[in-house]
Amino acid sequence: MKILQKSFFSRDALVVAKELLGKLLVRRDEQGKLIGKIVEVEAYKGKGDQASHAYKGETQRNKVLFEGPGLAYVYFVYGNHFCLNVTTNERGVVLIRALEPIKGIRIMKRRRCVRSYENLTNGPGKLTQAMNITKEQYGTDLTKGPELFICAPQKKEKRLKIVSSKRIGIRVAVEKPWRFYIEGNKCISRK
DNA sequence: TGCTCGATTGTCT
DNA sequence: GACAATCGAGCAC
């Protein structure tokens, strides 16, 4: 498998977001190896995007956004959920909203306490729980592995049909159509 | 130091 | 479809 390099992430958040669809998120921990295909993302630009965590400048929570592309930005929200983002150029980020489970499904089911395959990773809080991603992974370099990284699938994907829509769950800059997902995939979070 | 609110989810109706 | 749970970051004072 080919790990995505810094050059992949050091581009505009919108470009990185679209190209991340169909790529594989790989997590390796004491329980084994987990793989999920990225099927839904949202892009947040650093500059001029009010919904971005970097918009108001550097803080304790978002400092990794200022440290360069290809890093994991994990944060805690609503008292019990983590969200996984990848940094891009110019303080932009891509929020990974949903995965299609590929490997380690049994472990994911145990962690999530659910039986259905579609319900394992079809939401930002769900996928971090299934893949055991917490603030421990804050700042992890996703281009190095082996604990957590993103790679291109071995088989060449068929041309994906990508749909864009408005971003979910935010109050400002809601009009921007910067959410992207693979049309027809069962594992996306909302239609 | 204390208050407010959130890039969500699961449960109940 | 509506809403409570839950806790830490961010901000005001």
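Chain letters run A, B, ... following the sequence lines, proteins first, then strands; residues in each count from 1.
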Q | Nearest-0.5 Å distance, CG of residue N85(A) to CD1 of residue I96(A) | A | 8.0 Å
Q: Sugar-phosphate atoms are those with a prime plus P, OP1 and OP2; base atoms are the rest. Using that split, label each nucleotide of nucleotides 7-12 of chain B B, S or - for protein heavy atoms under 4.0 Å, 5' to 3'.
A: BBSS--
Q.
Between R97(A) (side chain only) and S189(A) (backbone N and O only), is there a donor and an acceptor less than 3.5 Å apart?
A. no
Q: Using both pair distances under 3.5 Å as the test, note the stems of at least 3 consecutive Watson-Crick or G-U pairs that include DNA chain C.
A: B:1-6 with C:7-12, B:8-12 with C:1-5
Q: State which residue, out of I35(A), V39(A), T121(A), L84(A), fulfils the side chain to side chain contact (heavy atoms under 4.5 Å, CB included) condition with L99(A).
A: T121(A)
(Q) For a quick test of reading the model: is some side-chain N or O of T59(A) closer than 4.0 Å to OP1 or OP2 of dA9(C)? (A) no
Q: Using modelled atom types only, decide if a donor and an acceptor are shared between the side chain of R167(A) and the backbone of A173(A) within a distance under 3.5 Å.
A: yes
Q) Can you tell me how far P of dG6(B) sits from CG of N62(A), to the nearest Å? A) 17 Å
(Q) If I compare all heavy atoms of C151(A) with all of V26(A), which pair ends up nearest, and what's the gap? (A) SG-CG2, 3.9 Å
**Q.** Rounded distance in Å between the P positions of dG1(C) and dA7(B)
**A.** 22 Å
Q) What pairs with H53(A) under ring-ring contact (aromatic ring centres under 6.0 Å, His included), at least two apart in sequence or on another chain? A) Y73(A), Y75(A)
Q) Does E136(A) offer a backbone N or O that forms a donor-acceptor pair with the side chain of T134(A) under 3.5 Å? A) yes
Q: Please answer whether the main-chain N or O of N89(A) pairs with a side-chain N or O of S10(A) as donor and acceptor at a distance below 3.5 Å.
A: no
